[in-house]
Amino acid sequence: MPLPPLPPVPYHASALRPSWPTLPAALRAAVADRLGAPVVTAQVAGAGFTRGFAAVLHTADGGRAFVKAAPAAEQPHLVQWYAREAAILDRLPADLPAPRPRWTLSEAGWFVLCTDAVDGHTPRLPWVPAELDATLAGYAQVAAALADPPVELTALGLPQLSDLARSDILWWEEVAAGREPVPPLPAPAQGRLAELVALESRLPRYAAGATSLIHGDLRVDNVLIDSHGRAWFCDWTWVCSGPAWFDLAGLLLTAYASGLDTDRLFATHPTTVGAPPDALDATLAALAGYYLTGAAAAPPTASPHLPAHQRWSGEQSLDWLARRQGWR
C-alpha cells in the first residue's frame, strides 16, 4: 500500500515572516535593551502559518531568547494571540516541557513576547520512531499535569472545547445547510455528507463537562525535539478545557500520513483511557470539516502556504476516517 503524500510544503518551511532588520528601529532598540545587549544575529523561525515576526535572537554577550512580535494596526489578532499566550505560559506548571516566558513589551505600535529559546528542531516527516515516541511521551506528561490544572490558569476564563465545537467545529452541518460551500472530497468520502454530519455532532457532547485543559492546537509544527531527544511543546494560545484525546488525534494526522499504525497509537496512549469508542471518528470528522472549509477561506494575513496545508490535513483526516469506517 503506497504511503499517503507528505505535506506539499515542509512544516519547518511553512512560514513567511519579516526579518529582524525590517522591524522598526525603535522596536529593535527596545528589545535589545530588555535583553541587556545588542542583537547580533536573528534566526527566523521557518515553522508556523502566521506572518508575525518570530526568531531566536543571539546577543553580543552570548545570550539567546525567542521573540515573537506583531504590529497592532496591521495584525491586531496576532497581538491578542501573543498576549493570551503570554498569560497562559506564565501560569503553566513550571515543570512542563514548554518555553518559559520572560517578558512582554509594547513599542512603536508593536507587541512583543519573549520566552526562553528551545534549542531544537521540528520533528522530521515521515516521523522518526524515536521522535514520535518522545512526543507522545511528552504529551502524556502535559496531559497528566493539566488534568487538574492550577487555579491561576483556569482563572483566565479559558474557553471550553465543547462550546468551540458547537460554534466553530460543526463544519459539515454548515455545509449540509448550504452556509458553507461543499469542499472537494477524496473519493472514499464522496456521498458521505450525512455520515460526516452525524459523526462530528458527537464531539461537543463528548467534550462537554471536561475539567482538564488541553493544548488545543497540537500539530507537528508546534513541537520541537531538543538535542537530548526530548519533545517540547510551543504555541500555547489555544488552551481550552477538553479531553486530551482531541489533541492526540490532531497530532497523529502526520503519523497516519507517515504510514504508521495510528489506530494502535491512539488506542494505547494514556490520554484515551475512558474515551468513548468513537471519539477518534468524531474528532477526525470534525478536523476534516475544519481543515477543508478553512482551506477555502484562509485570511490574507496568514502564510500563503496555509491553504495547501489545511487541504492536506483535511484529506488525511478523511482518508483515515474512511478507512476506519470502511468507506472504500
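FYI, side chains are in, hydrogens and waters are out, and symmetry mates aren't considered; it's all heavy atoms of this structure. Keep in mind that what you see is a predicted model, and the values were worked out from it rather than measured.
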Look at the aromatic rings of Trp245 and Tyr206 and report parallel, tilted or perpendicular, splitting at 30° and 60°.
->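 Judged by the thresholds at 30° and 60°, the geometry between Trp245 and Tyr206 is perpendicular.
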
Going by atom types only, do [X] and [Y] share a side-chain donor-acceptor pair under 3.5 Å?
X      : Y      : answer
His305 : Ser303 : no
His121 : Glu131 : yes
Thr254 : Trp127 : yes

List the steps, then state whether side chain to side chain contact (heavy atoms under 4.5 Å, CB included) holds for Val31 with Leu23.
-> CA-CA 11 Å; Val31 170; Leu23 301 184; over 6 Å; no

Gap between atom [atom2] of [Y] and atom [atom1] of [X] - 0.5 Å precision:
X      : Y      : atom1 : atom2 : result
Asp221 : Leu125 : CG    : CG    : 10.0 Å
Tyr82  : Leu78  : OH    : CG    : 4.5 Å
Leu136 : His269 : CG    : NE2   : 5.0 Å
Thr262 : Leu253 : OG1   : CG    : 8.5 Å

Which heavy atom of [X] sits nearest to which heavy atom of [Y], and what is that distance?
X      : Y      : result
Arg51  : Ala302 : NE-O, 2.8 Å
Ala134 : Gly229 : CB-O, 3.1 Å
Gly48  : Arg17  : CA-NH2, 3.7 Å
Leu213 : Ser241 : CD2-OG, 3.5 Å
Gly242 : Ile214 : O-CG2, 3.2 Å
Ala60  : Ala37  : N-CB, 4.2 Å

With sequence neighbours excluded, tell me which residues meet ring pair (Phe, Tyr, Trp, His ring centres under 6.0 Å) with [X].
X      : answer
Trp232 : none
His309 : Tyr11, Phe49
Trp110 : none
Phe66  : none

Spell out, as yes or no, whether a donor-acceptor pair under 3.5 Å connects the side chain of [X] to the backbone of [Y].
X      : Y      : value
Thr283 : Ala279 : yes
Thr104 : Cys114 : no
Glu200 : Trp171 : yes
Arg91  : Ala87  : yes
Ser212 : Pro243 : no
Gln141 : Asp95  : yes

Expected list for residues 183-199: side-chain donor-acceptor pairs under 3.5 angstrom, two or more places apart:
{"from": "Gln190", "atom 1": "NE2", "to": "Leu185", "atom 2": "O", "distance (Å)": "3.0"}
{"from": "Arg192", "atom 1": "NH1", "to": "Glu195", "atom 2": "OE2", "distance (Å)": "3.1"}

Does a salt bridge link [X] with [Y], judged by any charged N lying under 4.0 Å from a carboxylate O?
X      : Y      : answer
Asp116 : Arg64  : no
Arg219 : Asp247 : no
Lys68  : Glu85  : yes

If Ile, Leu, Val, Met, Phe, Trp and Tyr residues are connected whenever their side-chain heavy atoms lie under 4.5 Å apart, and connections chain through other members, are [X] and [Y] in the same group?
X      : Y      : value
Leu321 : Tyr290 : yes
Leu260 : Leu218 : yes
Phe53  : Leu113 : no
Trp20  : Leu16  : no
Trp320 : Leu6   : yes

Does some side-chain heavy atom of [Y] sit less than 4.5 Å from a side-chain heavy atom of [X]?
X      : Y      : value
Asp263 : Asp261 : yes
Asn222 : Phe233 : no
Leu224 : Cys234 : yes

Just wondering, are more than 12 heavy atoms of other shown residues or ligands nearer than 6.0 Å to CG in Asp148?
->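 At most 12 heavy atoms, drawn from other residues, nucleotides or ligands, come within 6.0 Å of this atom.
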
With His12 via side chain to side chain contact (heavy atoms under 4.5 Å, CB included) - residues at least two apart |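 If we apply the side chain to side chain contact (heavy atoms under 4.5 Å, CB included) test to His12, skipping adjacent residues, the hits are Pro10, Thr122.
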
Kindly state whether the ring of His215 and the ring of Trp236 have centres lying under 6.0 angstrom apart.
->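 Yes: the rings meet the under 6.0 Å criterion.
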
